[in-house]
Engineer: 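Just dropping this structure here.
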2 protein chains.
Amino acid sequence: MAAVTARPPRDALAPLPFDAVIRPAAPSAVDEVVAHIRALIAERGLHVGDSLPTERELCQRFQASRNTVREAMRILKAYGVVTVRPKIGAVIVDNRLERALDLFSFNTIEISRKTFADIQGFRSMIEVDTVERIFDHAGPDDITELRARNRAMRDAPTMADASEADFSFHLKLVSILNNDAVTEVYRIMKPVIIRIMEKGKVRQDFGTSTYQQHADIIDALEARNRIKYQYALQYHLELGLNTFGSPQEDKRSPE
Amino acid sequence: MAAVTARPPRDALAPLPFDAVIRPAAPSAVDEVVAHIRALIAERGLHVGDSLPTERELCQRFQASRNTVREAMRILKAYGVVTVRPKIGAVIVDNRLERALDLFSFNTIEISRKTFADIQGFRSMIEVDTVERIFDHAGPDDITELRARNRAMRDAPTMADASEADFSFHLKLVSILNNDAVTEVYRIMKPVIIRIMEKGKVRQDFGTSTYQQHADIIDALEARNRIKYQYALQYHLELGLNTFGSPQEDKRSPE
DNA sequence: GCTAATCCTTTTGTCCAACAAATAAGAGAA
DNA sequence: TTCTCTTATTTGTTGGACAAAAGGATTAGC
């Protein structure tokens, strides 16, 4: 009597095999359940604090096994959109920011060189290439604030505080652009940027070389010297690349 | 005959109940497996491209059931540190930035005038201000591809298809920068950008004025004419601003 | 001998059923 | 009424089965 049925041929109605051939990225049952749950949240207009149906109810609703639903729930938990407790069930939360931080405290995986280069390249576009916009908007108060944050970095007691202050300096710089989209993206990227800042540095570096580089950038900004500003900032951003190591990793086995 | 043993009392050795009281966040079996795998990666010094042991091997090594190991693997996949394929197994990757950005594609941003201006400003920084980088990287193939996508937009049957093709054009433009961080940010902003593109337009506009603007941009890029390129692109991006309504909200600094 | 199609084996993907643990809710006693 | 104990429900974990994918070994055909 068919002890285990194991997911009736993809879909009881449609002959999926052809579809599966055409579409290489066949969504797994778990992915489908995740999409279903997201759709459920959307259509019911659920917000933080609201509860989701029980696992078994979701099994029945989406015609999936409990393990499949549980794996889907694991994804949602990992994304920080729900918390699950026994008997209580799944409750919608918003811990996405914490999760983003968790991602890069994941010391087990070293940030790849490609990621490193892309992030620094992105920052270079936002901070260096936008020189005209920054010069347009920067006022005396901004200069003062930048100097204060640079001193805070120099005087920070620990490595973590120093890199936090370092980020704060650059965040202030881009905030001069007065563009929420930019600051939001920077906020999301903060964990990676922090780790990049600490890469190959010791505490003392923040108080000496990094401090001096920041000072040069501020001076150029205050003097409205475009060339010097771009040179100083570009130099500052590229420095970490050397400490990262030789770029042999990316090579596609030159055979 | 004890068909299912189900995790012998937490730990065969230690009396955990006290611990459980002291420590409110009692780590689940899945969390422990995740920690074990992280430790395994660290102690073996595994990097991007290396493979993890098979699921059943991990079960045996950590004394956990396969479902538990699978849920742990789901977490690692959600974190973007491994990819798993049948028969191949789990391979270490680094898609954490992509996942971090993904986290924030959940919320449906409502587009205010300020948001609209910021998004367009952001695009202007990425597409216009980076002119030197784009000129450095753009090749004949890129020009051809841009022309193809522009024609696709002109010939699109519906409004939705046209705006999709419009986005595709701009995505191709920024992809010339060869920076995953930029393309990822564009990808998550896609829904908003699409809505901006359709704002105050009729289907015909994509085939006439928008098509011509794109053509001008491509011509300038091909001719390596920086001034013309920046002018054409900036003009193109600012056009939508007028159709959005009176800009009384965003007090433009009177220069 | 060499190529190509076929079979085989390994590994992940999904399903099912059971028991353990946690806990909210209700029943019962003071 | 209020506190405590029981109960029922829900998540957490386990074991086992089969399906599907994919690489490797085997064999047929030239």
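Every chain is numbered from 1 and lettered A, B, ... according to where its sequence line falls, protein lines coming before strand lines. Just so it is clear, the model here is predicted, and its values are computed rather than measured.
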Engineer: Can you tell me how far C1' of D/dG15 sits from CZ of B/R66, to the nearest Å?
Structural biologist: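 Nearest whole value for this atom pair: 11 Å.
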Engineer: From C-beta outward on A/I88, which listed nucleotide comes closest to its side chain: C/dG13, C/dA24, C/dT12?
Structural biologist: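 Nearest nucleotide to the side chain: C/dA24.
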Engineer: Report the distance from atom CG of B/L52 to atom P of C/dT11, rounded to the nearest whole Å.
Structural biologist: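 Going from B/L52 (CG) to C/dT11 (P), I get 14 Å.
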Engineer: Can a donor-acceptor pair be found between the side chains of B/D31 and B/S28 at a distance below 3.5 Å?
Structural biologist: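 Per modelled atom types, B/D31 and B/S28 side chains form a pair under 3.5 Å.
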Engineer: For A/E127, enumerate each residue passing the salt bridge (Lys or Arg N to Asp or Glu O under 4.0 Å) test, keeping only those at least two apart in sequence or located in another chain.
Structural biologist: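 Per chain and number, A/E127 pairs via salt bridge (Lys or Arg N to Asp or Glu O under 4.0 Å) with A/R123.
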Engineer: What is the distance from NZ of A/K87 to C1' of C/dT23, rounded to the nearest Å?
Structural biologist: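 After rounding, the gap between these two atoms is 7 Å.
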Engineer: Between P on D/dT13 and CZ on B/F62, what's the gap in Å once rounded to a whole number?
Structural biologist: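 Computing the B/F62:CZ to D/dT13:P distance gives 16 Å.
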Engineer: So does B/R85 reach the base of C/dG13 with its side chain, donor to acceptor, closer than 3.5 Å?
Structural biologist: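 Looking at the base of C/dG13, it does not pair with any donor or acceptor on the side chain of B/R85 (distance under 3.5 Å).
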Engineer: Would you say the side-chain atoms of A/D118 pair up with the backbone N or O of B/D180, donor to acceptor, closer than 3.5 Å?
Structural biologist: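 Such a contact is found between A/D118 side chain and B/D180 backbone.
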Engineer: Would you mind writing out the side-chain donor-acceptor pairs for residues 43-54 of chain A within the sub-3.5 Å range, not counting sequence neighbours?
Structural biologist:
residue	atom	partner	partner atom	Å
A/H47	ND1	A/G45	O	2.9
A/D50	OD2	A/H47	N	2.7
A/T54	OG1	A/E57	N	3.2

Engineer: Look at the rings of B/F62 and B/H36 and say which category their plane angle falls in: under 30° parallel, 30 to 60° tilted, over 60° perpendicular.
Structural biologist: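 B/F62 vs B/H36 ring planes: parallel.
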Engineer: Over the length of the helix from C/dG1-D/dC30 to C/dA30-D/dT1, how much do the five-pair end axes diverge, rounded to 10 degrees?
Structural biologist: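 Comparing the first five pairs with the last five, the axes sit 10° apart.
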Engineer: So which pairs with a foot in residues 168-177 of chain B pass salt bridge (charged side-chain N to carboxylate O under 4.0 Å, His left out), sequence neighbours left out?
Structural biologist: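 Only B/D142-B/K172 qualify under salt bridge (charged side-chain N to carboxylate O under 4.0 Å, His left out).
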Engineer: Please report the distance, rounded to the nearest Å, between CD in A/Q63 and P in C/dT14.
Structural biologist: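 About 15 Å, once rounded to whole Å.
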Engineer: Strictly below 4.0 Å, heavy-atom distances to any atom of DNA chain C: list the hits from residues 67-75 of chain B, or just say none.
Structural biologist: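 Residues of residues 67-75 of chain B that come under 4.0 Å of DNA chain C are, in numerical order, B/N67, B/R70, B/R74.
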Engineer: May I ask you to decide if the ring planes of B/F169 and B/H214 are parallel, tilted or perpendicular, using 30° and 60° as cut-offs?
Structural biologist: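 The arrangement is parallel - the two ring planes meet at less than 30°.
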Engineer: Can you check whether A/S28 has a side-chain N or O nearer than 4.0 Å to OP1 or OP2 of C/dT14?
Structural biologist: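 Answer yes for this pair, as a side-chain N or O of A/S28 is under 4.0 Å from OP1 or OP2.
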Engineer: Taking the nucleotide of DNA chain C with the closest heavy atom to each, which residue, B/T54 or A/A64, is nearer the 5' end?
Structural biologist: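 This one resolves to B/T54.
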Engineer: For residues 72-86 of chain B, which residue pairs qualify under salt bridge (charged side-chain N to carboxylate O under 4.0 Å, His left out), counting only residues two or more places apart or in two chains?
Structural biologist: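 Qualifying pairs: A/E71-B/R74.
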Engineer: Give a yes or no on whether the backbone of A/L237 and the side-chain of A/Q120 come within a donor-acceptor separation of less than 3.5 Å.
Structural biologist: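 Such a contact is found between A/Q120 side chain and A/L237 backbone.
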Engineer: What is the distance from CZ of A/R56 to C1' of C/dC15, rounded to the nearest Å?
Structural biologist: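 Result: 14 Å.
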Engineer: Can you tell me the distance, in whole Å, between the CD atom of A/E55 and the P atom of C/dA18?
Structural biologist: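 Checked: the CD to P distance equals 18 Å.
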Engineer: From CG of A/D31 over to P of C/dT12, roughly how many Å is that when rounded to an integer?
Structural biologist: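 After rounding, the reported distance stands at 17 Å.
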